[in-house]
Amino acid sequence: MTGGRALVSVRNVSKRFGATRALSDVSVDFHAGRVHGLVGENGAGKSTLGRVLLGIHAPDQGRLILDGSPIKLSGPDEAASHGCVGVAQELSLLPALGVVDNIVLGTEECIGPLVSDRGNRQRVETLVAQHGLHIPLDKKVGSLSVADQQKVEILRALGRQSRLVVFDEPTARLASHEAVELCRTVRELADRGVAVVYVSHFLNEVLSVADTVTVMRDGRVVRTAPAADETYESLVEGMTGRSIGDAYPPKPPTPPQDAPVVVRVNGLGRIGEFSDVSFSIKKGEILGLGGLVGAGRSEVAHAVYGATRASTGTVEISGSRLSGTVEDGLSKGISLIPESRRDQGLVVGLSVRDNTTLPHLRRFMGRFGIRVKQEEAAAGQAIQEAGVRAEGLSEPVGTLSGGNQQKVLFARAMLGQPRLFIADEPTRGVDVGSKRAIYDVIGQLAQSGCAVLLVSSELEDLVEMSHRVLVMRSGQIVAEFAGEELTEANILNAAFDTEHHGNSPSASGSQQD
């Protein structure tokens, strides 16, 4: 590890949130010109430690040392004045403002008392060109995809005069090639003398970009070591306290040729998003949907569910045509895990029970209102099956770790006893232990006869979990892979159109029974 005095040191820091001890006697040093990875399972304390560095949380015990002198941060603004800025896992943008305004917010270029729109735009254009994070500058942030909003958040942090930058799950919403560009930017920051704190569940990514790695478990530091001395397996063992085992469960048996078709999508289109999308999914089949961010995958998933209305085409569940509304989809047995759990899935101020039963309240209605005992019994069974770790059903869902929040959405879906289960980026932003639990639930749903539509940017997920994979590009299905052709290389080539592999969906006819 590097010698010399650290830029920022954390000494014996502890932090509680109610009965939960998030950090316990944590000490770690962060050096200028170094990328320092923080890894651990959800709830290990790594994000809390990042927020202490940024002045978002004040430690209950211990101290921070900046340039050799103790410092108390009263809030993020004071941290930023010392050059400590962050890219948060949960986005903190102003959706009604434009991209440029969000990036320069609080640091605008001015000519006298007036804001210089031209100066701000030139500054942002320089940032975009410098870091390779290309986004449409003339749009409102609220109209952007989740991935592009993440780029806005990153560019805002990079545009400050930063001495220490905390990245919390920075590539969770980015496509593979965009993640590579971001890692290049991270290394460039370190080369310019910035101290980088890199929090991520993508362990191989951490090993590739970090100089030093701190492993955390249950709010404590397990060890800090040079990244060159660690492996994926050693990190997992340090994070969990056990050997890695198998990352994926055995794939459920491929449904027989004569298995009944659960969902049939024919000629589905939505102006400006996707067109002529057709496929079917059999009982017990897991169909993967791959492609780059912006290819139209999530838009198709939401149209099938009924969250957005398609312009053309039809969706049938077990032979019954859907009207294109969420209510009709739910009544016919469709459940959806959305891409962004906090923005599209959870009501963070409500309890675990309320979030689990929210779409299914009609099941528990009695003459005098909700039958609370029945609701609690059903919610309790669902969260147990989904492996949710919470202090109780009344705990606010916003206090849970990211992995447990995601499992609450699975509990909600399982409570609906779905015929079709749509999982849109189901393992985004969760740790390796929670990922395996989520894969197990998906496999169990398929084995019970549920049809599964799995949307994922993680190629390994698609290959290891799916019976077939469709690849989208520019709003259309361009390839289908199964059996020996179902490989990461083939999916990636089809997504980028670098080679002409696989069967054309329209030619093969295998999508439509």
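The residues of the chain are indexed from 1 along the displayed sequence. Hydrogens, waters and symmetry mates are skipped; everything else that's a heavy atom, side chains included, is used.
Considering only residues two or more places apart in sequence or on other chains, F364 meets the ring pair (Phe, Tyr, Trp, His ring centres under 6.0 Å) condition with none of them. Taking L322 as the reference, V315, I317, D328, K332, I334 meet the side-chain contact (heavy atoms from CB on, under 4.5 Å) condition, with sequence neighbours excluded. In this structure, the salt bridge (Lys or Arg N to Asp or Glu O under 4.0 Å) partners of R223, at least two apart in sequence or on a different chain, are E230. Under the side-chain contact (heavy atoms from CB on, under 4.5 Å) criterion, S200 pairs with E169, Y198, F202, E205, V206, not counting sequence neighbours. In terms of the side-chain contact (heavy atoms from CB on, under 4.5 Å) criterion, residue partners of K139 (sequence neighbours excluded) are, by chain and number, P136, S143, L144. Contacts of D354 classified as side-chain contact (heavy atoms from CB on, under 4.5 Å), with partners at least two apart in sequence or in another chain: L350, S351, E375. Taking the salt bridge (Lys or Arg N to Asp or Glu O under 4.0 Å) definition, one finds that D440 meets it with R436, sequence neighbours left out. Remark: F274 engages no residue in a ring pair (Phe, Tyr, Trp, His ring centres under 6.0 Å) (not counting sequence neighbours).
The backbone N or O of D218 sits nowhere less than 3.5 Å from a side-chain atom of R21 that would complete a donor-acceptor pair. The backbone N or O of F496 lies less than 3.5 Å from no partner atom in the side chain of R473, so there is not a single donor-acceptor pair. Side-chain atoms of R371 come within 3.5 Å of backbone N or O of M365 as a donor-acceptor pair. Side-chain N or O atoms of N355 include one that pairs as donor or acceptor with a backbone N or O of V347 at under 3.5 Å. Of the possible donor and acceptor atoms, none in the side chain of R412 sits under 3.5 Å from a partner among the backbone N and O of T357. With hydrogens and angles disregarded, a donor-acceptor distance shorter than 3.5 Å links the side chain of T399 to the backbone of P396. With Q406 contributing its side chain and P426 its backbone, the two residues share a donor-acceptor pair below 3.5 Å. Formation of a donor-acceptor pair under 3.5 Å by the H302 side chain with backbone atoms of P338 is not found in this model. Looking at K140, its side chain never comes within 3.5 Å of a backbone N or O of P95 through a donor-acceptor pair.
Judged purely by distance below 3.5 Å, without hydrogens or angles, the side chains of T314 and R321 never pair a donor atom with an acceptor atom.
Atom CG of L203 and atom CD of E233 lie 9.5 Å apart (nearest 0.5 Å). Within the model, atoms CD of E488 and CG of L459 stand 5.0 Å from one another, a figure rounded to the nearest 0.5 Å. Atom CD1 of I477 is separated from atom CG of L289 by 6.5 Å, given to the nearest 0.5 angstrom. Considering CG of N266 and CG of D276, their distance stands at 8.0 Å, rounded to 0.5 Å. I286 contributes atom CD1, which lies 7.5 Å from atom CG of L454 (distance to the nearest 0.5 angstrom). Taking OG1 of T254 as the reference point, atom CD of E285 lies at 8.0 Å (rounded to 0.5 Å).
By the 4.5 Å heavy-atom criterion applied to side chains, L486 and R468 are not counted as neighbours. By the 4.5 Å heavy-atom criterion applied to side chains, T487 and V463 are not counted as neighbours. Side-chain atoms of S278 and V265, non-hydrogen and from C-beta on, never get closer than 4.5 Å to each other. Counting heavy atoms from C-beta outward, E458 and T427 have side chains that approach closer than 4.5 Å. Counting heavy atoms from C-beta outward, N404 and V397 have side chains that stay 4.5 Å or more apart. Residues I442 and I438 meet the side-chain proximity criterion, which asks for heavy atoms closer than 4.5 Å. Side-chain contact between L268 and F279 is absent, with no heavy-atom pair separated by less than 4.5 Å. Side-chain contact between M239 and R217 is absent, with no heavy-atom pair separated by less than 4.5 Å.
Sorted by first and then second residue, the side-chain hydrogen bond (donor to acceptor under 3.5 Å, both in side chains) pairs involving residues 447-456 (not counting sequence neighbours) form an empty list. For the ring pair (Phe, Tyr, Trp, His ring centres under 6.0 Å) condition, the pairs that include at least one residue of residues 379-428, sequence neighbours left out, are F410-F421. Pairs passing the salt bridge (Lys or Arg N to Asp or Glu O under 4.0 Å) check and including a residue from residues 295-309, sequence neighbours excluded, read R297-E425.
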For side-chain contact (heavy atoms from CB on, under 4.5 Å), just list the numbers for V352 and L400, CA-CA rounded to whole Å, side-chain angles, deciding distance to a tenth of an Å, and then say yes or no.
CA-CA 9 Å; V352 171; L400 301 183; 3.8 Å; yes

Test side-chain contact (heavy atoms from CB on, under 4.5 Å) applied to R353 and V372, step by step:
CA-CA 10 Å; R353 179 197 67 192; V372 176; 3.9 Å; yes

Between S311 and I271, does the side-chain contact (heavy atoms from CB on, under 4.5 Å) criterion hold? Intermediate values first, please.
CA-CA 6 Å; S311 309; I271 296 172; 3.6 Å; yes

Between H201 and E41, does a side-chain contact (heavy atoms from CB on, under 4.5 Å) hold up when you go through it step by step?
CA-CA 8 Å; H201 291 305; E41 292 193 275; over 6 Å; no

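Between G267 and T312, the shortest heavy-atom contact is O-OG1, 3.3 Å. For the residue pair S298 and D424, the shortest heavy atom distance occurs at OG-OD2, 2.8 Å. Scanning all heavy atoms of the two residues, the minimum distance from A210 to A227 falls at O-CB, 3.2 Å. Minimum heavy-atom separation, G290 to L462: CA-CD1, 3.7 Å. Scanning both residues, P170 and I154, for their nearest heavy atoms gives O-CD1, 3.9 Å. Closest of all the heavy-atom pairs between I337 and A413 is CD1-CB, 4.3 Å.
More than 12 heavy atoms of other shown residues, nucleotides or ligands fall within 6.0 angstrom of atom NZ in K251. For CG of D229, the number of neighbouring non-hydrogen atoms (other residues, nucleotides, ligands) closer than 6.0 Å is greater than 12. Remark: R389 CZ is loosely packed, at most 12 non-hydrogen atoms of other residues, nucleotides or ligands lying under 6.0 Å away.
Salt-bridge formation is detected for the pair R270/E273: a Lys NZ or Arg NE/NH1/NH2 atom is positioned less than 4.0 Å from an Asp or Glu carboxylate oxygen. E153 and R156 are joined by a salt bridge, as a carboxylate oxygen and a charged side-chain nitrogen come within less than 4.0 angstrom of each other.
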Identify all side-chain donor-acceptor contacts of residues 377-388 below 3.5 Å with residues at least two apart in sequence or on another chain.
| residue | atom | partner | partner atom | Å |
| --- | --- | --- | --- | --- |
| Q381 | NE2 | E385 | OE2 | 3.2 |

